[in-house]
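Notes follow the structure.
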Amino acid sequence: MTITRRRLLKTSAGLLAATAAPRFAIAETAAGTGTVTSLSDGSLTLPASMIIGDTPMDQVQPILDKYNVSSEAFTPPCNLTLYQDGERTVLFDAGSGLEFMASAGHIHDSLDAVGLSADDITDIVFTHAHPDHLWGLLDDFGDIAFSEATFHIGRREFDYWSDPETINTIGEARVPFAVGAKRRLDEIADVVQLFEDQDQILPNVTAIASYGHTPGHMSFMIDGEAGNAFVIGDAIGNHHIAFARPNLPSGSDQNAEEGIQTRVAMMDMLAADNVPIIGFHLPDGGMGRVARDGDGYVFNAE
């Protein structure tokens, strides 16, 4: 697939308030044959060690200091991508729901803020099956929260989390992830649409393999006459260490080496082609571009 250098047109950016909830960033741009909007599902609070892993602190502390990020805990935002082309209303990932963290699971408030409800979503495309991306598939009663949607997930990702043996091999810390993923994927197993790397899964939406964070993690290029945008999911998981030192392992990647290979290749491509991105855990709604910065890279929000 050829990636063009079309300029991403920023049409609006702002903040909206939700009742008794954090303020949610919303950013909108033209892409494909319609518009892409970044909707907040809230945020997470994670021990910094989950990202830093075994990397010596003397390698990452200067980066954290530069970005004024705590070395004790990270509080990444959760940005879901909404793509509307006049015929479809596509949501990339379903958010956390209310079973993961109290600070997340607010996608329905964000949908309401832009005049939509869960029933307006025609398609949900999953980057991967970690809790903050998948668990919002079910509502408080254990029913499908997006009853009118068609669901799409990469075959490799679906097979991994649906395999009963994953619970025994994933490692103790991630067993709840495996249990929660299987429960939700079982609910849609008979109707989910599975796809492969490079498949055009919807008009103007192409799947791009970005393995490492999970075994079947996918990113997506939305490309068309209005412009293009690259939905990266968690392939680039933060705006500081991942950009400054993409060759460092991330403790959140299930396959650290594969995650490095994906991240380095993706950074190189995004910077060289000036491709606009939407990152699930990047600041300011997650919309921006990757630029080279010395031996590393930097995220420039737009």
Side-chain angles (χ1 to χ4, degrees), residues 1-14 25-32 35-38 40 43 51-52 55 59-69 74-81 83 92 127 206 208-213 217-224 226-250 252-253 258-302:
M1 182 187 67
T2 301
I3 299 173
T4 65
R5 287 181 168 85
R6 298 190 186 109
R7 177 168 178 78
L8 186 67
L9 302 175
K10 182 81 174 283
T11 58
S12 67
I26 289 186
E28 185 178 294
T29 191
T35 59
V36 168
T37 307
S38 172
S40 177
S43 63
I51 308 300
I52 297 170
T55 301
Q59 294 190 41
V60 298
Q61 191 64 58
I63 302 170
L64 300 180
D65 291 343
K66 177 180 178 180
Y67 288 93
N68 195 29
V69 174
F74 291 166
T75 56
C78 298
N79 309 302
L80 273 67
T81 300
Y83 173 53
F92 290 83
T127 60
T206 302
I208 309 293
S210 46
Y211 307 146
H213 184 68
H217 187 286
M218 286 283 185
S219 300
F220 303 92
M221 177 61 77
I222 303 171
D223 195 8
N228 60 0
F230 196 49
V231 181
I232 64 174
D234 283 5
I236 304 174
N238 59 73
H239 68 292
H240 35 82
I241 298 172
F243 279 82
R245 296 284 303 278
N247 59 333
L248 287 179
S250 170
S252 68
D253 290 345
E258 195 170 34
I260 289 171
Q261 293 172 16
T262 289
R263 196 159 45 250
V264 169
M266 186 177 287
M267 290 282 194
D268 182 66
M269 179 271 290
L270 294 171
D273 290 339
N274 196 28
V275 179
I277 65 173
I278 308 101
F280 195 89
H281 292 306
L282 301 184
D284 299 314
M287 288 189 179
R289 296 177 190 258
V290 179
R292 293 191 182 277
D293 183 35
D295 294 333
Y297 300 85
V298 65
F299 173 66
N300 292 323
E302 295 186 347

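Note that the coordinates shown come from a computational prediction; the quantities given were computed from them, not determined experimentally.
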Correct closest heavy-atom pair for Ile232 and His217 would be O-CE1, 3.3 Å
What heavy-atom pair brings Ala235 and Thr262 nearest, and what distance separates the two atoms? CB-CG2, 4.3 Å
Rounded to the nearest 0.5 Å, how far does CG of Asn300 lie from NE2 of His239? 12.0 Å
Going by heavy atoms in the side chains, are Met287 and Val36 under 4.5 Å from each other? yes
Hits for ring-ring contact (aromatic ring centres under 6.0 Å, His included) against Phe280, two or more places apart or cross-chain, chain-then-number order -> His133
4.5 Å side-chain heavy-atom contact, Asn228 and Ile222: no
Interatomic distance, Ser219 atom OG to Ile208 atom CD1 [nearest 0.5 angstrom]: 8.0 Å
Does Thr127 use its side chain to pair, donor to acceptor, with the backbone of Met218 at less than 3.5 Å? no
With a 6.0 Å cut-off on ring centres, are Phe230 and Phe220 close enough? no
Distance check, rounded to the nearest 0.5 Å: Gln261 atom CD versus Asn247 atom CG? 12.0 Å
Residue pair Ser38 / Asn79, side-chain heavy-atom distance below 4.5 Å: yes
Who pairs with Tyr83 by ring-ring contact (aromatic ring centres under 6.0 Å, His included), at least two apart in sequence or on another chain? none
Within the 4.5 Å heavy-atom criterion, are Tyr297 and Arg263 side-chain neighbours or not? no
Going from OG on Ser252 to CG on Asn238, what distance comes out if it is rounded to the nearest 0.5 angstrom? 8.0 Å
For Ile277 and Leu282, what are the C-alpha separation, side-chain angles and deciding distance, and is it a side chain to side chain contact (heavy atoms under 4.5 Å, CB included)? CA-CA 10 Å; Ile277 65 173; Leu282 301 184; 3.8 Å; yes
Side chain to side chain donor-acceptor pair (under 3.5 Å) between Asp234 and His213, intermediate numbers included: CA-CA 7 Å; Asp234 283 5; His213 184 68; 3.2 Å; yes
I need the Leu270 CG to Arg292 CZ distance, nearest 0.5 Å. 10.5 Å
Partners passing side-chain hydrogen bond (donor to acceptor under 3.5 Å, both in side chains) against Thr81 (at least two apart in sequence or in another chain): none
For a quick test of reading the model, state the closest non-hydrogen atom pair linking Leu64 to Ile241 and the distance between them. CD2-CD1, 3.9 Å
Nearest heavy-atom contact between Ala229 and Met221 is O-SD, 3.5 Å
Nearest heavy atoms of Ile236 and Ala242, plus distance in Å: CG2-CB, 4.0 Å
Rounded distance (nearest 0.5 Å) linking atom CD1 of Ile63 with atom OG1 of Thr55: 9.5 Å
Return the orientation label for the Phe74 and His240 ring planes: parallel under 30°, perpendicular over 60°, tilted otherwise. perpendicular
Taking every heavy atom of Pro246 against every heavy atom of Met267, the minimum-distance pair comes out as CB-CG, 4.2 Å
Tell me, with the steps shown, if Glu258 and Asp253 meet side chain to side chain contact (heavy atoms under 4.5 Å, CB included). CA-CA 9 Å; Glu258 195 170 34; Asp253 290 345; over 6 Å; no
Between the side chains of Arg245 and Asp293, is the shortest nitrogen-to-carboxylate-oxygen separation below 4.0 Å, so that they form an ion pair? no
